[in-house]
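Just below is one structure, and these are the notes that go with it.
Throughout, residue positions are numbered sequentially from 1 according to the sequence presented.
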Amino acid sequence: LTAFLLYQFLIITKGRRAAHVLAGISVLVVIYIVALTANLEMLRTILATMAPYTAIAMIVMFQVEIRRMLARIGRRGWFGFGSRLKRREFVEEILTAIEQLAKAKTGALIVIERDIGLRTFVESGVVLDSVVSRDLLLAIFHPNGALHDGPVIVQNERIAAAACFLPLSMNPALMSQLGTRHRAAIGISEDTDSIALVVSEETGTISAATLGEIRRDLTLSQVDEIIAVHMGA
């Protein structure tokens with residue numbers, strides 16, 4: 001348990017100013033050990049006098065990191081409850097965005113990663129690594145935006161990248177019936193176990209592709225059900 005908490009704290013502080021503070025404290029500890037070993041009494045006394053106040057100082061300095069660590073543990077949850085709650089939140093954001101995109105007849109393609117990684121496709125687009133939010137999705141797919149033509153990939157419940165390149169389904173029965181977005185949705189679902197959600201810019205209808213098959217003209221509740229079946233959300 002101690003190792004787990006320390007690991008979480010180190011993950012939170014990595015790359016932040018707190019990491020430099022921890023490095024400084026580590027240097028002081030090394031100096032104290034050297035002073036103790038070399039019988040440098042004055043230096044040892046000064047450092048020993050400072051030690052009782054170190055815990056209070058660390059709480060003050062790391063209050064933001066401590067809150068972030070507790071929130072991280074809470075989001076992870078126990079017995080899967082926290083993770084289900086977080087998953088439910090990001091699904092709601094996607095559904096809300098899809099609803100508005102469909103009403104405005106704005107074309108969109110959102111791919112949700114499952115067990116098979118989509119790193120290759122993420123690297124083909126513009127990396128974002130952002131929290132999933134309705135406003136960000138609407139901004140990405142805005143018709144005048146630079147990223148609106150390509151799909152968005154959601155990885156680990158975050159928007160990993162936009163304007164990615166996906167394989168198109170070469171099924172001859174679909175090539176004449178569906179546009180590029182729908183064929184890309186089917187193509188990525190053929191190669192991986194991801195869920196691809198499509199909004200048609202011509203009709204505003206919503207479709208979902210999974211395991212190489214596509215369901216069209218879906219309601220939001222039907223899309224929600226598909227996500228729940230495949231992701232337990």
Exercise for review: Identify the two heavy atoms, one from Ala102 and one from Gly204, that lie closest to each other, and give their separation to 0.1 Å.
Suggested key: CB-O, 3.2 Å
Check your understanding: Taking ILVMFWY side chains as joined if any heavy atoms are under 4.5 angstrom apart, and letting links pass through other members, which residues group with Phe165?
Key -> none
Revision key, fill the gap. In short, Leu211 meets His230 closest at the heavy-atom pair CD1-CE1, 4.3 Å
**Study point:** Approximate separation, where rounding is to 0.5 Å, of Glu93 CD and Ile98 CD1
**Key:** 12.0 Å
Check your understanding: Heavy atoms, side chains only, cut-off 4.5 Å: are Val223 and Thr219 in contact?
Key -> no
**Study point:** salt bridge (charged side-chain N to carboxylate O under 4.0 Å, His left out) against Glu213, all qualifying residues, sequence neighbours excluded
**Key:** none
Review point. Just by modelled atom types, is the Asp115 backbone N or O under 3.5 Å from a matching donor or acceptor in the Asp193 side chain?
Key: yes
Check your understanding: Take atom CZ in Arg119; do more than 12 heavy atoms of anything else shown fall under 6.0 Å from it?
Key -> no
Point to revise | Residue pair Ala185 / Ala209: nearest heavy atoms and the distance that separates them | key: O-CB, 3.6 Å
Point to revise | Same cluster (ILVMFWY, side-chain, under 4.5 Å), Ile188 and Leu218 | key: no
Practice item. Using the test side-chain contact (heavy atoms from CB on, under 4.5 Å), find all partners of His182 that sit at least two apart in sequence or belong to another chain. Key: Leu178, Val198, Ser200, Ser207, Ile214
Exercise for review: Can you measure from CD (Gln222) to CD1 (Ile227) and round to the nearest 0.5 angstrom?
Suggested key: 12.5 Å
Exercise for review: Determine, using the 4.5 Å side-chain heavy-atom cutoff (strictly less than), whether Leu168 and Leu118 are members of one ILVMFWY cluster.
Suggested key: no
Practice item. Could you list the residues that satisfy side chain to side chain donor-acceptor pair (under 3.5 Å) with Asp191, not counting sequence neighbours? Key: none
Study note, to complete from the structure: To the nearest 0.5 Å, atom CG of Asn156 lies from atom CD1 of Ile112 at 12.5 Å
**Study point:** Under 3.5 Å side-chain donor-acceptor pair for Glu201 and Thr106
**Key:** no
Check your understanding: So do Asp129 and Ile159 actually touch side chain to side chain, heavy atoms under 4.5 Å?
Key -> no
Check: residues 30-38 side-chain donor-acceptor pairs under 3.5 Å, at least two apart:
from  : atom 1 : to    : atom 2 : distance (Å)
Thr37 : OG1    : Ile33 : O      : 2.8

Point to revise | Beyond-backbone contact of Val154 with Ile110, side-chain heavy atoms, under 4.5 angstrom | key: yes
Check your understanding: Which value, rounded to the nearest 0.5 Å, describes the distance between Glu99 atom CD and Ile94 atom CD1?
Key -> 14.0 Å
Exercise for review: Please check if Ile195 and Phe141 belong to a single hydrophobic cluster, counting links between Ile, Leu, Val, Met, Phe, Trp and Tyr side chain heavy atoms closer than 4.5 Å.
Suggested key: yes
**Study point:** Approximate separation, where rounding is to 0.5 Å, of Leu95 CG and Leu197 CG
**Key:** 8.0 Å
Check your understanding: When clusters are formed by joining ILVMFWY residues with side-chain heavy atoms under 4.5 Å apart, either directly or through shared neighbours, do Ile153 and Ile140 land in the same one?
Key -> no
Check your understanding: Taking the side chain as C-beta and beyond, is there a heavy-atom pair between Leu109 and Leu166 under 4.5 Å?
Key -> yes
Point to revise | Test side chain to side chain contact (heavy atoms under 4.5 Å, CB included) applied to Thr49 and Arg44, step by step | key: CA-CA 8 Å; Thr49 304; Arg44 187 198 65 79; over 6 Å; no
Review point. Short question: side chain of Ser189, backbone of Gly212 - any donor-acceptor pair under 3.5 Å?
Key: yes
Check your understanding: For the hydrophobic clusters of this structure (ILVMFWY residues joined by side-chain heavy atoms under 4.5 Å, transitively), does one cluster hold both Leu40 and Met42?
Key -> yes
Per-pair distances, 0.1 Å, donor-acceptor, side chain in residues 130-137, under 3.5 Å, sequence neighbours excluded:
from   : atom 1 : to     : atom 2 : distance (Å)
Ser130 : OG     : Leu128 : O      : 3.3
Ser133 : OG     : Leu136 : N      : 3.2

Point to revise | Nearest-0.5 Å distance that lies between atom CG in Leu101 and atom NE2 in His142 | key: 10.5 Å
